Amino acid sequence: MSRSPAAGLPADPCEQAPQYVRAIAPYQPGKPISELAREMGIPEAQIVKLASNENPLGVAPAARAAIEEALPELGRYPDGNGFTLKSALAARYGLSMDRIVLGNGSNDVLEMAAIAFLAPGRSAVYAQHAFAVYPLATQARGARGIVVPAQRYGHDLAAMRKAIDADTRLVFIANPNNPTGTLLAGAELEAFLREVPPQVVVVLDEAYNEYLPAADRYDSLAWLERHRNLVVTRTFSKAYGLAGLRVGFALCDERIAELLNRVRQPFNVNELALVAATAALGDAAFVRRSHELNLAGMQQLTDGFRRLGLAWIPSSGNFVSVEIPRANGASRAGAAFEKLLRQGVIVRPVGGYGLPDHLRVTVGLPEENERFLAALAAALA
Ligand SMILES: *Cc1c(COP(=O)(O)O)cnc(C)c1O
C-alpha cells in the first residue's frame, strides 16, 4: 500500500467529508453555568441561567426517586425497546405502542426523520426563525433546506404549502416555535395538513405543548388517524424537567415508526432517562405546577418589559424574546447580552436565528425573573 494520497485526492482526511457536512455551522447551546463561573470568577450559586428553556423547578420528585432506585442496575444495557415507557405513553395517548418512537431527546427523533426521508436531491421545508435543529438535520443529509419567510415572526403556512417542491419529503413545524414563541391555531394546522401532498411527511414539533393555556389547546393526536404522513414530537426536557437526561418521542403511523426505528441507535435512550420519564409522565402535579409557575413568570417578565418600554414577541412557550432597541441604527443586543453575563445572568442571543435585535429569556423562578429584569434595566441604562 502506498502512503501517498491517491491521485487527485487531498491528503487531509477532513477534506474528504462531504461539502454539505463541512458547511454545517454547529449548534450554539446556551452558556453553561460552570463556563460563566470559570470565565468571570462568579460563584456558580450566584449565576442565574435563563438560556435553555429548562424547567426552573428542576427534576420532578417522582422522577428523582425512580432515578435513585435504578442506579444499581446501570451495569446493564437499557431496554432498547423502551417497553415500560412506551406502554405508559400508549396508555396516556390512546395509541398502540408500535406508533411510538423514543429518542435521546426529541432532537434525536427529528434527526431520525431526516435520516429516514432526506438525502441529496431532496428537500425539507421549514420557516425562517424556526428551531435550529431543522436546518442542521437537513444539511447533514445533504438535502436542500427551503426556508419560508416568517409572517410576524411566526410560520406562514400558506407560503409553506406553496414552497413544497417536487423533491420535498419533509416539512418541519414547531408549535409553539422556538425562539419566537409564536403559536399556530389548531384549525390552521389542520387545514395545512389537508393540503400537503400525502407523500410529504409533516413533523409537528410540540416541545412546549404542556405550557399551552387551555384556550389554545388542540388535539393533534386525533389528526394522526386521518393524516398518515403526520409525525408529532414531544419531549421530557421542558415541562417534565428532564433536559439533562435526554428523552423525547414521536407519535405517528406505525409504518413511519418502523422506518424511524430502523435508523434509531439500538440503545438510544439510557436507563435513567427511561425510568425517570415513566415516573415523570405520572407526576401530573409537577406538570401542573410547572405550567402555573410559567404563566405567572411570563406575566412577571412581560410586565417588566412594559415598565422598561421594551417590545417582545408574545410567546406561548416557557421563554420570551425581547427586543433590545437599537442605538444610532446599530444593534445593541450583543452588548446587552455581555452586560447581563457580567451581572451573572445568562440569556440567549438569537442573532443566529435571524433575530439580531432580540434576546431570548427563559421563564425562571420569581426571584430569577426579578434578577434578570433588574440586570436588564442596568444593562440598558
Ligand atoms: C427544546 C426543544 C426541543 C426539545 O429538545 P430535546 O432534544 O427534546 O431536549 C425540540 N424542539 C424545540 C422547538 C425545542 O425548543
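Numbering starts at 1 and runs along the sequence shown. It should be emphasised that the depicted structure is a prediction, and the values quoted were computed from it without experimental measurement. Both ligands and their constituent atoms are indexed starting at 1 by order of listing.
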Query raised in the report: Who pairs with L9 by side-chain contact (heavy atoms from CB on, under 4.5 Å), at least two apart in sequence or on another chain?
Result: A6, Q16
Query raised in the report: Parallel under 30°, tilted from 30 to 60°, perpendicular over 60°: which one fits the rings of W223 and Y218?
Result: parallel
Query raised in the report: Would E206 and S220 count as a side chain to side chain donor-acceptor pair (under 3.5 Å) if you check the C-alpha gap in whole Å, the side-chain angles of each, and the deciding distance to 0.1 Å?
Result: CA-CA 9 Å; E206 297 184 333; S220 51; 3.0 Å; yes
Report task. Identify, with sequence neighbours excluded, every residue that meets salt bridge (charged side-chain N to carboxylate O under 4.0 Å, His left out) alongside R99. Result -> E225, E254
Report summary line: Grouping ILVMFWY residues whenever side-chain heavy atoms fall under 4.5 Å, the cluster of Y208 otherwise contains Y211, F319
Requested in this report: Answer yes or no: is there a donor N or O on one side and an acceptor on the other, between the side chain of R348 and the main chain of S321, under 3.5 Å?
Outcome: no
Report summary line: Within the 4.0 Å heavy-atom cut-off around ligand 1, the contacting residues, ordered by chain and number, are G105, S106, N107, F131, N178, D205, A207, Y208, T235, S237, K238, R246
